[in-house]
Protein chains: 2
Amino acid sequence: MASFGFRGHDHTACVADRMAAVEAQCAEKKLQLTPIRRRVLELLLEHHKALGAYDILKALEAEGRPAQPPVAYRALDFLTTHGFAHKIERLNAFVACSDPGHGHAPTFLICRDCNTVAEEPGTLSREALAETANLAGFQIEKAVVEAEGVCPLCRDEP
Amino acid sequence: MASFGFRGHDHTACVADRMAAVEAQCAEKKLQLTPIRRRVLELLLEHHKALGAYDILKALEAEGRPAQPPVAYRALDFLTTHGFAHKIERLNAFVACSDPGHGHAPTFLICRDCNTVAEEPGTLSREALAETANLAGFQIEKAVVEAEGVCPLCRDEP
DNA sequence: TTGCCGGGTGTTACACTATATCAATTTTTG
DNA sequence: CAAAAATTGATATAGTGTAACACCCGGCAA
Ligand SMILES: [Zn+2]
Ligand SMILES: [Zn+2]
Ligand SMILES: [Zn+2]
Ligand SMILES: [Zn+2]
């Protein structure tokens, strides 16, 4: 369940499940999951990898709904603000969150060949981080781990 | 010694020490610490915070040595490749490494007010990371933690 | 009803970040 | 010294991200 990003799975069901979960959360929190926001999230889920804002714009244009940069960035801002997606800083790209509602220290395993991103919870120990922060007198608000390497698929098929 | 980025210290000596250490490493490894590379590293050390490539270009111009973007990016590439500096992805900016020769999983404590960056070793447990990677069948080559928050100076003086 | 107010969208224009390319120069090596 | 490799100079361009303003459409108060 953790690393589905790198294993075969029923992708259609995967996307549907996530969309349903996000819809439920939006209903509960009174958030507006507008058509554009919804479509951008679907694109992230369908591709199942990190997409840049301009990749999303290309996709929207390809399906007959051309849009300008602010449209993509606004939708992505909504999604990331509410925890439905994450920005991968190393790639200047975005992925759907694999576990909305998780804690605030996800670990991203980023394949340097295919840009697939797997999100794993809890690599970063809360204690170690707190200890480091206390040592420095620093007040941590959020932390992420970005690990780069090679995913199983790219390792096996060069 | 770890978190000097957020505490008072003899900055002149700090810069001199680091430059000497880097010079020694370059001599040993037969790396060319050219004037530009040297000056860029000095700028990073002097400011003691994350600087963007264009900040560096502005600084170079201010001291009568104007340069074009590739100059800054090439120097920064040299410094990061050899471990003398790090890129902070969250800020699109660069900091001098506080401990050249460290392992490969540094933690950066990034102040969201003043952009000061402190580099701490070892927050990320090697075991936890390896375990996560094995679970996903993923081969990690490098990993960083970027933690955002408020540094002691900014917290005390609003 | 009417008018306001808020969030969301459409659009233009621009700012910031980074790289490709080729020529000129310096340094290293044989 | 001559050839090869590394570094720098300079121009142009690609990629990423925002500011600003007009428009629309919902709810809501006068
Ligand atoms: Zn997540
Ligand atoms: Zn891959
Ligand atoms: Zn370092
Ligand atoms: Zn600060």
Side-chain angles (χ1 to χ4, degrees), chain A residues 22-23 26-27 29-44 49-61 63-82 84-95 110 112 115 117 146, chain B residues 22-23 26-41 43-44 49-61 63-82 84-95 110 112 115 117 146:
Chain A
V22 170
E23 273 168 24
C26 285
K29 297 180 186 168
K30 305 244 191 303
L31 301 175
Q32 296 183 237
L33 187 62
T34 63
I36 299 182
R37 292 170 177 175
R38 183 191 173 86
R39 186 68 196 118
V40 170
L41 179 55
E42 283 174 354
L43 286 169
L44 292 180
K49 59 189 282 193
L51 293 183
Y54 284 74
D55 294 329
I56 289 170
L57 292 172
K58 280 198 273 289
L60 290 176
E61 184 171 16
E63 57 193 52
R65 182 197 276 182
Q68 301 305 313
V71 172
Y73 282 103
R74 287 192 287 229
L76 290 166
D77 183 62
F78 169 86
L79 295 173
T80 54
T81 296
H82 297 97
F84 303 137
H86 298 288
K87 179 171 187 183
I88 309 298
E89 301 286 351
R90 174 171 215 73
L91 301 176
N92 294 320
F94 302 81
V95 289
I110 307 163
R112 61 168 157 70
N115 275 13
V117 175
E146 293 192 1
Chain B
V22 169
E23 274 169 22
C26 284
E28 182 190 355
K29 297 180 187 170
K30 307 238 190 305
L31 301 175
Q32 297 182 234
L33 188 61
T34 63
I36 299 181
R37 293 169 176 175
R38 184 191 173 85
R39 187 67 197 119
V40 170
L41 178 57
L43 285 169
L44 292 180
K49 58 189 280 192
L51 293 183
Y54 285 75
D55 293 329
I56 289 170
L57 291 172
K58 279 199 273 287
L60 290 177
E61 184 170 17
E63 57 193 54
R65 181 197 277 182
Q68 301 306 313
V71 171
Y73 282 103
R74 287 192 287 231
L76 290 167
D77 183 62
F78 170 87
L79 294 173
T80 54
T81 296
H82 296 96
F84 304 137
H86 298 288
K87 178 171 186 183
I88 309 298
E89 301 286 351
R90 176 174 282 287
L91 301 175
N92 294 319
F94 302 81
V95 289
I110 308 163
R112 61 169 157 71
N115 275 12
V117 175
E146 292 192 2

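Chain A is the first sequence line, chain B the second, and so forth, proteins listed ahead of strands; every chain is numbered from 1.
Rounded to a whole Å, the CD1 atom of Ile36(A) is 8 Å from the C1' atom of dG8(C). The NZ-P distance, from Lys30(A) to dG26(D), rounds to 19 Å in whole Å. Here the C1' atom of nucleotide dG9(D) and the CZ atom of Arg74(B) are 7 Å apart, to the nearest Å. Computed from coordinates, the Leu57(A) CG to dG17(D) P distance equals 11 Å when rounded to whole Å. Spacing between atom CG of Leu51(A) and atom P of dT16(D) amounts to 12 Å, rounded to whole angstrom units. As rounded to whole Å, 16 Å separates atom P of dA18(C) from atom CD of Gln68(B). Across the protein-nucleic acid pair, Tyr73(B) atom OH and dT16(D) atom C1' stand 11 Å apart, rounded to whole Å. Between the CG atom of Leu91(A) and the P atom of dG15(D) there is a distance of 16 Å, given to the nearest Å.
Side-chain contact between Lys29(A) and His82(A): absent, with no pair of heavy atoms (C-beta onward) separated by less than 4.5 Å. Residues Leu91(B) and Glu146(B) fail the side-chain proximity criterion, which asks for heavy atoms closer than 4.5 Å. Residues Ile56(A) and Leu44(A) meet the side-chain proximity criterion, which asks for heavy atoms closer than 4.5 Å.
Of the two residues near DNA chain D, Asn92(B) and Pro66(B), the one whose nearest nucleotide lies more 5' is Pro66(B). Take the nearest nucleotide of DNA chain C for Pro70(A) and for Phe78(A): the residue whose nucleotide is more 5' is Phe78(A). Residues Thr34(A) and Lys87(B) each lie close to DNA chain C; by heavy-atom proximity, the contact nearer the 5' end of the strand is made by Thr34(A).
We find that Lys58(A) and Glu61(A) are not joined by a salt bridge, their nearest charged nitrogen and carboxylate oxygen being 4.0 Å or further apart.
Using N1 to N3 plus N6-O4 or O6-N4 for Watson-Crick, or N1-O2 and O6-N3 for G-U wobble, each under 3.5 Å, dG26(D) pairs with nothing. Figure legend. dT25(C) is base-paired to dA6(D); pairs are counted as Watson-Crick or G-U wobble with both atom distances under 3.5 Å.
Ring pair Phe78(B)/Phe84(B) is tilted by interplanar angle, where 30° to 60° counts as tilted.
OP1 or OP2 of dT7(D) has at least one side-chain nitrogen or oxygen of Gln32(B) nearer than 4.0 Å.
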